[in-house]
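Below, chain A is the first sequence line, B the second, and so on; all start at residue 1.
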2 protein chains.
Amino acid sequence: MAIIFSKKCEYGIQGVLYLALKGLNTVTPVEEIAAHLDIPREFISKILQGLTANKIIGSKKGKNGGFFLAKPSNKIKLYDVVVAIDGDGIFSQCVLGFPDCSGEYPCPVHDEWSKLIKDTYLMLNSQTVDHFKDKVTRKIHSIGLKKKKNAKSRSVN
Amino acid sequence: MAIIFSKKCEYGIQGVLYLALKGLNTVTPVEEIAAHLDIPREFISKILQGLTANKIIGSKKGKNGGFFLAKPSNKIKLYDVVVAIDGDGIFSQCVLGFPDCSGEYPCPVHDEWSKLIKDTYLMLNSQTVDHFKDKVTRKIHSIGLKKKKNAKSRSVN
DNA sequence: CTATAATCAGATTACATTGTCTGATTTAAA
DNA sequence: TTTAAATCAGACAATGTAATCTGATTATAG
């Protein structure tokens, strides 16, 4: 449609934020992430696999496996995630496609854009974290009821 | 690929900026715009037609016709162009797809993003304008040489 | 008035992104 | 050691965007 991160980026960012809410080193199965964020399971799975290769998150195979945040979210830049998913091709050219856009001859959004992407860390303020932790807890619970039993997240050893 | 305005938006913005360089009420044929910006003629044509319908630019049909800026570029917001081309659907939801993103529970880029899109006017600083005016003049000249004769831009009456 | 140069409009094709499906591999628990 | 639950991997289908093509309409210049 219009202006946006690619779905892959968007989903990747959401996935990382979700893992951040769960806390460092908490292993969470894709199933839960996909259900909560309403993203096709196989799709988010692929994306998270890619982020694993880039050491932004980690994964644990086999039963009770899943993904977990590999470093604190206030150390993860939006830039890191976007580059890990889609490469840095986009950042080598002007957002508006303005020819020869540069510090000297900037397009109308030159400075603000670089700043937005490169200086933003993927962290939420504490008020927001609390709000979503509550929500996630409720949601996991309701998902749990709909399914036979269920995999709970647990700490990595 | 990654993060970006849709091509339609990007081209539309470039078109408006190009018309801005030519000055208010200067009629410029699509051919020139397409050649200079290296955009498929029919594609940019369609996009500019859309912007005409939204009164951001104007058009003049027939021989010596073309498009022209309908109001000063410092009155045209990035937001206006994007909405004219792709609708405001995108602005009704979070850029990151963060659920329930709001002023109270903001995603990591909530404030900066709104500001970037809604407060930016499609104008270039005077240094940049001078730089590109020179460039455009040279380019038009070289295009002119490659073709038999050529349509020059002229003022609307 | 006629020829020409431009916008306008719709249908169609090409391509990239998004999403789905199937199966292999790994690992923990019983 | 067997079973089940998870990641991992690749091929494929569906969708939407980008680009092209063809032709109609409009208006100016001569």
Using residues 77-85 of chain B as the side-chain source, report each donor-acceptor pair under 3.5 Å to any protein atom, sequence neighbours left out, with the distance given to one decimal.
residue: Lys77(B); atom: NZ; partner: Lys118(B); partner atom: O; Å: 3.3
residue: Asp80(B); atom: OD2; partner: Lys77(B); partner atom: N; Å: 2.9

List, one per line, each side-chain donor-acceptor pair under 3.5 Å for residues 43-55 of chain B, sequence neighbours excluded.
residue: Ser45(B); atom: OG; partner: Gln49(B); partner atom: NE2; Å: 3.1
residue: Thr52(B); atom: OG1; partner: Leu48(B); partner atom: O; Å: 2.8
residue: Asn54(B); atom: ND2; partner: Gly50(B); partner atom: O; Å: 3.1

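Counting only heavy atoms from C-beta on, Ser45(B) has its side chain closest to dC8(C) among dT18(C), dC8(C), dA6(D). Closest contact between the side chain of Lys63(A) and the listed nucleotides dA29(C), dG19(C), dA5(C) involves dA29(C). Looking at the side chain of Phe43(A), the nearest of the listed nucleotides dT7(D), dC8(C), dG19(C) is dG19(C). Distances were taken from every side-chain heavy atom of Phe67(B) (C-beta onward) to each of dT7(C), dT18(C), dA19(D); the shortest belongs to dT7(C).
Regarding Lys7(A), its NZ atom lies at a distance of 15 Å from the P atom of dT17(C), rounded to whole Å. For the pair Ile33(A) CD1 and dA6(D) P, the interatomic distance rounds to 12 Å; values are reported in whole Å. Distance, Glu31(B) CD to dA5(C) P: 12 Å, rounded to whole Å. Distance Glu10(B) CD to dA19(D) C1': 15 Å, rounded to the nearest Å. Put simply, CZ on Arg41(B) is 8 Å from C1' on dA6(C), counting in whole angstrom units. Between Asn64(A) atom CG and dT26(C) atom P the separation is 18 Å, expressed in whole Å. Taking atom NZ of Lys8(B) as the reference point, atom C1' of dG16(D) lies 11 Å away to the nearest angstrom. Straight-line distance from the CG atom of Leu51(B) to the C1' atom of dC8(C): 15 Å, rounded to whole Å.
Contacts of Phe67(A) classified as ring pair (Phe, Tyr, Trp, His ring centres under 6.0 Å), with partners at least two apart in sequence or in another chain: none. Scored by the side-chain hydrogen bond (donor to acceptor under 3.5 Å, both in side chains) test, Asn74(A) finds no partners at all (sequence neighbours excluded).
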### Task
Give the intermediate values and the outcome of side chain to side chain contact (heavy atoms under 4.5 Å, CB included) for residues Leu17(A) and Phe98(B).
CA-CA 9 Å; Leu17(A) 285 172; Phe98(B) 192 64; 3.7 Å; yes

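The residues Glu112(A) and Lys115(A) are annotated as not salt-bridged, no charged nitrogen and carboxylate oxygen being separated by less than 4.0 angstrom. For the pair Arg41(B) and Glu32(B), the salt-bridge criterion is not met [side-chain N within less than 4.0 Å of a carboxylate O].
Contact annotation: Ser59(A) side-chain N/O to dC8(D) OP1/OP2 distance is under 4.0 Å. Of the side-chain N and O atoms in Tyr11(B), one or more sit less than 4.0 angstrom from OP1 or OP2 of dA19(D).
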What N/O pairs connect the protein and nucleotides 10-14 of chain D at under 3.5 Å? Give each pair on its own line.
residue: dG10(D); atom: N7; partner: Lys46(A); partner atom: NZ; Å: 3.1
residue: dG10(D); atom: O6; partner: Lys46(A); partner atom: NZ; Å: 3.0

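Within the nucleic acid shown, Lys61(A) comes within 4.0 Å of sugar-phosphate atoms alone, with no base atom in reach, counting heavy atoms only. Residue Gly65(A) is classed as a sugar-phosphate contact, given heavy-atom separations below 4.0 Å to backbone atoms only.
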